[in-house]
Amino acid sequence: MLKIPPRTGPKPVTTPCAPHTQISQNPDSLSYQAFKERAFDFPFVTRQPSRISVPGAEALCLEHGQGCGCREAFMIGNEFAHVHPPEDGSLHMMLPEDAVPQIVDLGWAEPHPMATAGMIPLTAVMVYAPRDNAEIGTVLDLLRMSYDFACGRLGRVDNIAL
């Protein structure tokens, strides 16, 4: 069972439109590097420039033939998540639709404004940048959920302990 703790403190300030960026509570360079050293360490995942985000964003993409998830598990092509540049530090990722309200309520994410507007799937969220080692672990757990969603391993997500 995946246990996601509540995020402490107020939510960061973010932009209300695309490009959707986090503009407060950004990570320090050591936390950002520590997170990125582990963020791309999933089987069959390639690290490449995002095809849909701001310059400098790095995408997590499933290798050809590995994606089994539904269309709503991907942003574009085989990209299921991306990490924004260091001055932002947040991520966009696709999560199962029924998990999104839970993750938002726990304070870790917010819906992408384009999802709220009905322009992209409701599975698209911004996950806030991890601020310390404990938060790195939680954000990696959320990234693993996105990876499992893209791999077709998740249907409904009701095994998240609140």
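Note on ring orientation: taking the six-membered ring where Trp is involved, the planes of Tyr147 and Phe80 are tilted (angle from 30° to 60°). In this structure, His92 and His112 have tilted ring planes: the angle between them lies in the 30° to 60° band.
In this structure, Ala73 and Ala150 approach most closely via the heavy-atom pair CB-CA, 3.8 Å. Shown here for Pro16 and Pro113, the closest heavy-atom pair between the two residues is O-CB, 3.3 Å. Scanning both residues, Gly56 and Pro85, for their nearest heavy atoms gives C-CG, 3.8 Å. Closest heavy-atom contact between Ala59 and Glu79: CB-CD, 3.3 Å. Listed here is the closest heavy atom pair of Pro27 and Pro130: CB-O, 3.4 Å. Counting all heavy atoms, side chain and backbone alike, Leu143 lies closest to Ala81 at CD1-CB, 3.7 Å.
No donor-acceptor pair closer than 3.5 Å links the side chain of Asp88 to the backbone N or O of Thr21. Within the 3.5 Å criterion, the main-chain N or O of Glu87 finds a donor-acceptor partner in the side chain of Asn26. Remark: the backbone N or O of Leu95 is not paired with any side-chain donor or acceptor of Ser146 at under 3.5 angstrom. Using modelled atom types, one side-chain atom of Gln22 and one backbone atom of Ser24 make a donor-acceptor pair closer than 3.5 Å.
A continuous path of hydrophobic side-chain contacts links Leu62 to Ile52 [ILVMFWY only; heavy atoms under 4.5 Å]. One hydrophobic cluster, built from ILVMFWY side chains closer than 4.5 Å, cannot hold both Met126 and Met75; they sit in different ones. Note on Ile103 and Tyr128: separate hydrophobic clusters, where clusters join Ile, Leu, Val, Met, Phe, Trp and Tyr whose side-chain heavy atoms are under 4.5 Å apart, directly or indirectly. No single ILVMFWY cluster, assembled from side-chain heavy atoms under 4.5 Å apart, contains both Ile23 and Val83.
Note that the CD1 atom of Ile76 and the SG atom of Cys61 stand 9.5 Å from one another [nearest 0.5 Å]. Here the straight-line distance linking atom CG of Leu142 with atom CG of Leu91 works out to 9.0 Å at 0.5 Å rounding. Between atom CG of residue Asp98 and atom CG of residue Leu122 there is a gap of 12.0 Å, rounded to the nearest 0.5 Å.
A 4.5 Å side-chain heavy-atom check between Thr14 and His20 finds at least one atom pair inside the cut-off. Within the 4.5 Å cutoff, the side chain of Leu60 has no heavy atoms near those of the Arg47 side chain. Looking at heavy atoms from C-beta onward, Met93 lies out of side-chain contact with Phe149 at the 4.5 angstrom threshold. In this structure, the side chains of Phe74 and Met94 stay at 4.5 Å or more apart for every pair of heavy atoms. By the 4.5 Å heavy-atom criterion applied to side chains, Trp108 and Val125 are not counted as neighbours.
Among Leu140, Val139, Thr138, Asp132, the one residue that satisfies the side-chain contact (heavy atoms from CB on, under 4.5 Å) test with Ile136 is Leu140.
Side-chain contacts under 4.5 Å among hydrophobic residues (ILVMFWY), followed directly or transitively, place Met114 together with Met119, Ile120.
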List the atom pairs, donor and acceptor, that lie under 3.5 Å between side-chain atoms in residues 30-41 and the rest of the protein, sequence neighbours left out.
{"from": "Ser31", "atom 1": "OG", "to": "Asp28", "atom 2": "OD1", "distance (Å)": "3.2"}
{"from": "Tyr32", "atom 1": "OH", "to": "His84", "atom 2": "O", "distance (Å)": "2.8"}
{"from": "Lys36", "atom 1": "NZ", "to": "Glu58", "atom 2": "OE1", "distance (Å)": "2.1"}

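Partners of Arg131 according to the salt bridge (Lys or Arg N to Asp or Glu O under 4.0 Å) rule, which considers only residues two or more places apart in sequence or in another chain, are Glu135.
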